[in-house]
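Below is one structure, written out as structure tokens; comments come after it.
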Amino acid sequence: MESNERLLRHELKNAQQETTALKGLVKRAADKLDQVVEEDCSDASVIDAHRTAERLRRAVDQP
């Protein structure tokens, strides 16, 4: 029983670390989207990209 619980705790810790890493990747992608779109896009594209980036940020900030 103790071994099973230890394994489950280990798997939970790995899943939590993976979630944290993925959230970081999404946040960096949102930042990069903001940066890239500012460089050479129409005003409408810039607005749309900023909205998308903000949705990505909100998605990873939800509990």
Side-chain angles (χ1 to χ4, degrees):
M1 179 70 172
E2 184 178 312
S3 177
N4 192 27
E5 184 177 327
R6 187 174 35 239
L7 177 63
L8 290 174
R9 287 184 188 276
H10 179 73
E11 288 179 11
L12 175 60
K13 188 76 162 175
N14 284 344
Q16 289 169 331
Q17 290 173 342
E18 184 177 295
T19 299
T20 300
L22 290 172
K23 285 181 176 184
L25 286 172
V26 171
K27 286 181 180 182
R28 283 192 298 278
D31 291 343
K32 185 67 176 176
L33 178 60
D34 279 334
Q35 178 187 356
V36 168
V37 77
E38 289 290 338
E39 294 174 0
D40 191 29
C41 291
S42 69
D43 289 344
S45 294
V46 169
I47 291 168
D48 193 39
H50 285 311
R51 286 180 182 155
T52 300
E54 187 56 35
R55 281 194 303 270
L56 290 171
R57 288 185 188 97
R58 281 194 312 267
V60 297
D61 287 339
Q62 293 179 355

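If you're wondering where the values come from, they're calculated on a predicted model, not measured in any experiment.
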Between [atom1] on residue [X] and [atom2] on residue [Y], distance to nearest 0.5 Å:
X     : Y     : atom1 : atom2 : answer
His10 : Arg6  : NE2   : CZ    : 11.0 Å
Asp61 : Glu54 : CG    : CD    : 8.5 Å
Asp31 : Leu56 : CG    : CG    : 10.0 Å

Could you tell me which non-hydrogen atom of [X] sits nearest to which non-hydrogen atom of [Y], and how far apart they are?
X     : Y     : answer
Gln62 : Lys23 : O-NZ, 3.8 Å
Asp34 : Ala49 : OD1-O, 4.3 Å
Leu33 : Ala53 : CD2-N, 4.0 Å

For His50, which of Thr52, Ile47, Val46, Asp48 qualifies under side chain to side chain contact (heavy atoms under 4.5 Å, CB included)?
->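 That would be Val46.
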Answer whether the closest heavy-atom distance between the side chains of Leu12 and Leu8 falls below 4.5 Å.
->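 The answer is no; the side chains never approach within 4.5 Å.
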Got more than 12 heavy atoms from elsewhere within 6.0 Å of CD, Glu18?
->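 Open: at most 12 neighbouring heavy atoms sit under 6.0 Å from CD of Glu18.
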Enclosure of Asn14 CG (heavy-atom neighbours >12, cutoff 6.0 Å) |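 Correct, the count exceeds 12.
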